[in-house]
Structure formats: C-alpha cells, structure tokens
Protein chains: 2
Amino acid sequence: MKQKNGLSIGELSKQSGVNIETIRYYEKIRVMPAPDRSASGYRVYDADHLKRLSFVRRSRQLGFSLDEIRGLLRLVDGHAYTCAQVRELTLDHLAEIQRKIADLKRLERVMAEMAAQCSGDRVPECAVIDALFDTRPPAVEPSGRQPPMPTATSVMRRR
Amino acid sequence: MKQKNGLSIGELSKQSGVNIETIRYYEKIRVMPAPDRSASGYRVYDADHLKRLSFVRRSRQLGFSLDEIRGLLRLVDGHAYTCAQVRELTLDHLAEIQRKIADLKRLERVMAEMAAQCSGDRVPECAVIDALFDTRPPAVEPSGRQPPMPTATSVMRRR
DNA sequence: CATAGGGCCTGTAGCTGCTACAGGGTCAAG
DNA sequence: CTTGACCCTGTAGCAGCTACAGGCCCTATG
C-alpha cells in the first residue's frame, strides 16, 4: 500500500541524518510541511521532503538559527529571491560568527593569564580565585576602553 | 529596622550588576545561600553575599557554567582547594574555549566561501542556496578527514 | 488618615532547539 | 497468535535566565 517513493519517518530520518523526534518537531514549528498520512495515520514523505530537510540540516550545521532558516526557506519557496538577498543573509551570519570568535579570543586570553598566575601551591591562596572575586569586569584591553565584556550567554548562544 | 550593612535585593542587584530575578533564581538552584529575612519577609543580604554574587557573575562572564561555578564555590567554601585544582578547572575551561574558537573558524571559512561564490545576480540560481541544498556535510578540509562537522548546537552551547 | 507609588514576595510560563519519555496503535514475520 | 519493530500524540526536561500575574509592604504626600 506504500505509494511510489513514499518514505516513512524512520527512513527519512536515516536518509537525512535528522532524528525522528526532531523531524516531528520541525513539523510542529512549521519549518517542515505536514506530509500526507497513510490510512493508519503514518506520515508519508517524498523526495522533496528529503531535499528540504537536508537543507535545514545543513543550514543548522552552519549555525543558522531556525528563524534564519525560515527566512531562507521563504525566499526559496517564493522562487523570488535574488542571489544578493541570500548573500546578505549569509554575510550577516558570517559577521556574527566573527564577532563570536573575537569574543571567545578575549575570553581565551583572560583565562590563559589567570592560569599563568597560578603557582600550583597548596595554600588556599590562588590568583584565579582572587581574580574571580574581583568585582570589576575582567581586564580586556590594557589600553583603551571597550564595549562591555560579553557575557557567556551572549557568546555561546544564538540570538 | 534595617540591620547594619543589610542590603535589600534591589540594592544587591545594583551593586552586583545581577538582575533581581536572576538573584532569586540563583538562590533557588542553590548557587547563592538563602539570606535572612526581615520581619515582613524581605530578603536581607550582607557583604559576603555581595562578594559571592560578584564571584558568580564574573565566572559567568568568563563562560563558566553554573555547574562549574558550583564546583569552584565548593572548593572555596571548604577552604580546602589547592591552587592546582583551581588551575586545572581553569585550563579545562580554556581548552573548551579554544575548541569553540576552532569550530567557529571552520564555520567562518565555509560561510565566506559560500558568500564569495555568490554573484548577486537576479536569477534564482544562487551558489549559497545550492550549497545549502547539498546533502553532504560541508567541505571542511579539502584534504584529510576530520571529526564530524560540529553542529551549531555543539558550537554555540555549553555542555 | 487615605492613597499613590515603588519595592518586594511567590509561583508559573516563556525563550531555543531539541531529546526523552509514557501510553498507546499498527504491521509484518514466525 | 504473539512478538517486536515501528509509528502515533502529548508532555516534561535540559541551560540560564526573563517576564509576567497577583498580591503584600512601606513611605511620602495631600
């Protein structure tokens, strides 16, 4: 009773590399369209679904948020995008990645400096602990003030 | 009726730079101890609370998870830490930051390459879209295989 | 003395992007 | 006919907060 090229959710999952639960989640949040159902209520997918899901997966791997992906898909679906529009989204995203890299590099430097101060002695006196108890924001640039220290949240999370 | 050095949650918030809601949240998850209460049930903090909260804030800014911070605080509270222990936690954390930087740099390169392919033409043919529709994982190293492409989640989130 | 405003209280729901159940139905093989 | 693999829905959980709702308290002003 299976239609030509019909994929079950399990098969789609294997072929796309996306978790079954995640596929259903994408459907719920309207990133993937609701597929046809078999007589018994099973989801039945086709090759277009596989393409779209792979698109989503790849975009996620590249760090696009689901909201950004919705934007890309809207362009693709409308067949109305210009390459320039897509390029702009991509460059925005690139800029964000570069900002995160810069933030992390500053963290890296602060952590390395703290660790370097640490002698390894047994006494409960430790440069790292002292530095953490310092109420001021970490020294980031010896010269010149900068935008406020990024929080871990702003660095590690998207949006 | 306020005791010497007693701080209301609002004052603690201002002096520490930590949101009121976040302070209460830290208390709930036992990162901050429950303070005394005034007759009418208001939280009353002292200078030690301020120190500890600043420690937490600074550690968060440096990207430590609340769980790691709990570990640091346990060491500090017990007065039993050696500087070497703290140093180890710090170096672990540093290594993680460096891993994230490396991951992001790979993403950066892929994004930049995609954007560079993009002509800006009006036609609905776009190298970026094509690349995203590619079902294979993004090319990361032209030569030699690597650990699987980091997902955005693994790069952006902690743990 | 009444009231307006600010602050504080608890408890719950929301955010992102999933993942992991619980408790059931379906289907093909042995 | 039973077993086991699959599928279904719906809900709760993860981190680390943030944002209410609905209420109490406290001080100052008219």
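Only heavy atoms go into these numbers, but all of them, side chains included; no hydrogens, no water, no symmetry mates.
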Contacts of type side chain to side chain contact (heavy atoms under 4.5 Å, CB included), residue A/L89, not counting sequence neighbours: A/L72, A/L75
Please report, rounded to the nearest Å, how far the C1' atom of C/dG17 is from the CZ atom of A/R70. 11 Å
Between B/S8 and C/dC8, is there a side-chain N or O to OP1/OP2 distance below 4.0 Å? yes
At under 4.0 Å, does any side-chain N or O of A/S40 touch on OP1 or OP2 of D/dC7? no
Integer-rounded Å distance: D/dC17 C1' and B/M32 CE: 16 Å
Does the pair A/R70 and A/I29 meet the rule for a side chain to side chain contact (heavy atoms under 4.5 Å, CB included), with working shown? CA-CA 10 Å; A/R70 258 187 285 253; A/I29 63 167; 4.2 Å; yes
Under 4.0 Å from OP1 or OP2 of C/dT10: is there any side-chain N or O of B/R43 that close? yes
Lys/Arg N to Asp/Glu carboxylate O, B/K14 vs B/E11, below 4.0 Å: no
OP1 or OP2 of D/dC24 less than 4.0 angstrom from a side-chain nitrogen or oxygen of B/R37, does that happen here? no
Under a 4.0 Å threshold between the charged nitrogen and the carboxylate oxygen, would A/K51 count as salt-bridged to A/D48? no
Going by number, which of residues 17-29 of chain A have a non-hydrogen atom under 4.0 Å from DNA chain D? A/I20, A/R24, A/K28
The test is side chain to side chain contact (heavy atoms under 4.5 Å, CB included); show your working for A/I69 and A/L73 and say whether it passes. CA-CA 6 Å; A/I69 293 172; A/L73 285 171; 3.8 Å; yes
Euclidean distance, atom CD1 of residue A/I9 to atom P of D/dC6 [Å, nearest integer]: 13 Å
Assert: residue with more 5' nearest nucleotide on DNA chain C, out of B/Y42 and A/L66, is B/Y42
If Ile, Leu, Val, Met, Phe, Trp and Tyr residues are connected whenever their side-chain heavy atoms lie under 4.5 Å apart, and connections chain through other members, are A/Y45 and A/Y25 in the same group? yes
Whole-Å distance, B/R57 CZ to D/dC17 P, equals 12 Å
Write down the distance between CD (B/E11) and P (D/dC26), rounded to a whole number of angstrom. 15 Å
Whole angstrom value for the distance that separates P of C/dC18 from CZ of A/R30: 18 Å
Please test A/D103 against A/R99 for salt bridge (charged side-chain N to carboxylate O under 4.0 Å, His left out), starting from the C-alpha separation and ending with a verdict. CA-CA 6 Å; A/D103 286 348; A/R99 188 184 54 72; 3.3 Å; yes
Using whole Å, report how far CZ of B/F64 lies from C1' of D/dG16. 17 Å
